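To start, the structure under review is shown below, and the notes come after it.
Remember, it's a predicted structure, so these values are computed and weren't measured experimentally. Just so it is clear, the values below take in all heavy atoms, side chains as well, and ignore hydrogens, waters and symmetry mates.
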Amino acid sequence: MSEKTLTRMDLTEAVFREVGLSRNESADLVETVLQHVSDALVAGETVKISSFGTFSVRAKSARVGRNPKTGDEVPISPRRVLTFRPSHLMKDRVAAGAGK
């Protein structure tokens, strides 16, 4: 499996090459999209990107966990967690391998 990580700068560079905006405009566009996505998630909205997947926030209730090393019971406080569910198309592309 590849060790490469896609970064904001990579996305900015891709927008610069594909769309033809300046590098600054490309960076602003990427930042704006990411800000909209994160704002929606913070507000508890679901973000669905067609042919990619769905991001959603799930509320997890309080529960009792166990320290695997000592066996001691530890309370786990309620929290909100971010989940991602890939689309069937994305699952198929990943299963098919790199470069498909």
Side-chain angles (χ1 to χ4, degrees):
M1 198 179 303
S2 174
E3 295 295 321
K4 175 90 172 90
T5 301
L6 182 69
T7 64
R8 275 184 156 99
M9 188 56 73
D10 295 331
L11 292 173
T12 298
E13 190 64 27
V15 170
F16 169 72
R17 282 193 319 270
E18 296 290 325
V19 179
L21 298 174
S22 72
R23 279 196 165 83
N24 284 340
E25 290 171 329
S26 298
D28 290 343
L29 178 63
V30 169
E31 287 302 319
T32 300
V33 169
L34 293 175
Q35 189 64 49
H36 280 292
V37 169
S38 63
D39 288 348
L41 291 168
V42 167
E45 297 175 37
T46 297
V47 176
K48 182 180 274 190
I49 302 173
S50 180
S51 300
F52 186 75
T54 304
F55 295 91
S56 59
V57 177
R58 231 179 79 203
K60 295 184 92 174
S61 58
R63 64 186 177 90
V64 176
R66 193 174 305 275
N67 182 330
K69 189 172 184 178
T70 64
D72 294 341
E73 289 187 350
V74 180
I76 299 174
S77 58
R79 62 201 184 283
R80 291 170 23 131
V81 295
L82 179 63
T83 62
F84 174 71
R85 185 161 184 252
S87 71
H88 290 293
L89 290 173
M90 181 57 67
K91 285 182 185 178
D92 293 344
R93 287 189 67 193
V94 170
K100 302 286 182 213

Atom pair [atom1] ([X]) and [atom2] ([Y]), whose distance is rounded to the nearest 0.5 Å:
| X | Y | atom1 | atom2 | result |
| --- | --- | --- | --- | --- |
| Ile76 | Lys60 | CD1 | NZ | 8.0 Å |
| Asp28 | Leu21 | CG | CG | 9.5 Å |
| Leu41 | Arg80 | CG | CZ | 9.0 Å |
| Glu13 | Glu18 | CD | CD | 10.5 Å |
| Glu25 | Ser22 | CD | OG | 3.5 Å |

- Item | Polar side chain donor-acceptor pair, Thr12 to Ser26, under 3.5 angstrom |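 Not at all, the side chains of Thr12 and Ser26 share no donor-acceptor pair under 3.5 Å.
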
- Query: Which is it for Arg79 and Val81 under the side chain to side chain contact (heavy atoms under 4.5 Å, CB included) test, yes or no, and what are the steps along the way?
  - Reply: CA-CA 7 Å; Arg79 62 201 184 283; Val81 295; 4.2 Å; yes

- Excluding sequence neighbours, so at least two apart, what forms ring pair (Phe, Tyr, Trp, His ring centres under 6.0 Å) with Phe55?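 By the ring pair (Phe, Tyr, Trp, His ring centres under 6.0 Å) rule, Phe55 matches Phe84.
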
- Message: Test side-chain hydrogen bond (donor to acceptor under 3.5 Å, both in side chains) on Thr83 and Ser56; report intermediate values, then the result.
- Response: CA-CA 5 Å; Thr83 62; Ser56 59; 2.9 Å; yes

- Is there a donor-acceptor pair closer than 3.5 Å between any side-chain N or O of Asp39 and the backbone N or O of His36?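 No; judged by distance alone, with no hydrogens or angles, the pair does not exist.
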
Transitively linked via ILVMFWY side-chain contacts under 4.5 Å: [X] with [Y]?
| X | Y | answer |
| --- | --- | --- |
| Phe16 | Val30 | no |
| Phe52 | Val47 | yes |
| Val37 | Met9 | no |
| Val57 | Ile49 | yes |

- Query: Which heavy atom of Arg8 sits nearest a heavy atom of Leu34, and at what distance?
  - Reply: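 So the minimum-distance heavy-atom pair works out to NE-CD1, 3.6 Å.
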
- Message: I need the minimum non-hydrogen distance between Leu29 and Val15, along with the two atoms involved.
- Response: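 Nearest pair, atom of Leu29 first, then Val15: CD2-CG1, 3.9 Å.
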
- Item | Residues, nucleotides or ligands: over 12 heavy atoms within 6.0 Å of Lys91 NZ |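 Yes, because the 6.0 Å sphere around NZ of Lys91 holds more than 12 heavy atoms from other groups.
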
